[in-house]
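Nothing here was measured: the structure is a model prediction, and the numbers come from that model.
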Amino acid sequence: FPSHDNGGGVGAVFKLSKNFSLEMDLMYVSKNYFVSGETGAANNVFARYIEIPFVLKAELSRFFALGAGLYVGRAIGPVKLTFAGGGTANYSYGEAALSANEFGVLGAATIRVPVSRRVQIFTEARYLRGFKNIALSVPLDTEVHFTDLRLLLGLTINVDHFSYGYRRWR
């Protein structure tokens with residue numbers, strides 16, 4: 001299930017060469033997990049995460065980039081379970097027998113629109129797939145994995161004119 005909730009974050013892009021860069025973000029996101037397996041168990045898990053994606057990007061042009069990478073996440077706050085019978089409840093991760101840690105892979109496609117020499121507006125589509133079954137002590141046929149198609153909108157500010165972390169005013 002795509003998560004239909006807002007989040008936000010900040011990131012840094014490190015140029016590795018003319019055509020490749022490494023992007024690292026710190027993001028606050030919400031996630032919905034689909035639960036397959038035991039009938040009568042929770043069939044949807046909603047949680048909020050602090051997530052750190054690492055994306056290697058190929059800069060195909062000044063306006064377009066493709067990327068692939070990994071992400072790690074740590075849940076914060078309670079987990080909301082929706083049951084097959086229709087009820088919902090909030091639990092701690094221990095009470096819900098779920099791991100608060102999660103990791104997976106992602107693919108990204110980015111479109112950039114330059115506003116000035118140092119500023120760009122971007123939109124990025126990311127597909128994320130969790131590797132980890134976060135279910136800890138549930139029946140053997142139950143799996144809880146994260147899959148999402150996420151749309152990011154933002155502003156990139158090029159800070160190449162900074163020197164050793166100090167700002168030069170001109």
Side-chain angles (χ1 to χ4, degrees), residues 1-34 44-80 82 88 90 92-93 98-134 144-170:
F1 293 106
S3 55
H4 302 289
D5 199 22
N6 297 323
V10 296
V13 178
F14 302 95
K15 290 296 264 181
L16 303 176
S17 69
K18 180 181 177 186
N19 296 321
F20 291 95
S21 62
L22 177 65
E23 181 178 318
M24 296 185 298
D25 302 324
L26 178 62
M27 302 184 74
Y28 171 78
V29 296
S30 60
K31 295 184 176 188
N32 280 311
Y33 294 82
F34 175 73
N44 192 33
V45 178
F46 177 82
R48 298 190 188 282
Y49 275 75
I50 297 295
E51 189 177 87
I52 303 173
F54 301 89
V55 185
L56 181 63
K57 287 191 175 175
E59 309 292 334
L60 303 178
S61 75
R62 182 176 168 204
F63 304 101
F64 188 68
L66 291 176
L70 303 169
Y71 72 90
V72 296
R74 172 78 179 166
I76 55 175
V79 59
K80 180 180 178 181
T82 302
T88 63
N90 290 329
S92 71
Y93 281 81
L98 298 172
S99 171
N101 299 313
E102 202 247 344
F103 60 92
V105 295
L106 68 90
T110 308
I111 297 173
R112 298 185 190 103
V113 178
V115 175
S116 71
R117 198 175 105 222
R118 293 193 174 113
V119 178
Q120 298 174 337
I121 296 172
F122 74 88
T123 184
E124 182 171 292
R126 287 186 180 176
Y127 175 77
L128 295 91
R129 172 70 171 127
F131 277 156
K132 184 176 181 180
N133 178 6
I134 66 165
V144 183
H145 289 280
F146 173 68
T147 302
D148 196 14
L149 182 58
R150 191 176 290 165
L151 180 64
L152 287 75
L153 301 170
L155 190 66
T156 302
I157 301 171
N158 182 343
V159 292
D160 286 344
H161 65 287
F162 295 152
S163 175
Y164 304 106
Y166 296 100
R167 188 172 202 157
R168 293 186 202 170
W169 296 94
R170 294 183 180 157

Reported CG-to-NZ distance for the pair L128 and K31, which is rounded to 0.5 angstrom:
7.0 Å
With rounding to the nearest 0.5 angstrom, report the CZ to NZ distance, F20 to K57.
13.5 Å
Could you give the distance from OH (Y28) to CD1 (I50), rounded to the nearest 0.5 Å?
7.5 Å
With the threshold set at 4.0 Å, does a side-chain nitrogen-carboxylate oxygen contact exist between R126 and E23?
yes
Heavy-atom closest contact (Y71 atom, P53 atom, distance)
CB-CA, 3.8 Å
Give me the atom names and distance for the closest heavy-atom approach of A12 to D25.
N-OD1, 4.3 Å
Taking atom NZ as the centre, does K132 end up with more than 12 heavy-atom neighbours from other residues, nucleotides or ligands that are less than 6.0 angstrom away?
yes
Quickly, which of I111, V55, T110 forms a side-chain contact (heavy atoms from CB on, under 4.5 Å) with E124? Name it, please.
T110
Please name the pair of heavy atoms, one in S61 and one in R112, separated by the smallest distance, quoted to 0.1 Å.
O-NH1, 4.4 Å
Only residue of L152, L153, L155 satisfying side-chain contact (heavy atoms from CB on, under 4.5 Å) with F122 is L152
Spatial distance of atom OH (Y49) from atom CG (N101) [nearest 0.5 Å]
8.0 Å
Minimum heavy-atom distance S99-Y93, with the two atoms named
O-CD2, 3.8 Å
Look up atom CD in Q120 and atom CZ in R62, then write down how far apart they are to the nearest 0.5 Å.
7.5 Å
Separation of L70 CG from F54 CZ (nearest 0.5 Å)
8.5 Å
Which atoms form the tightest heavy-atom contact between V79 and S92, and what is the distance?
CG1-O, 4.0 Å
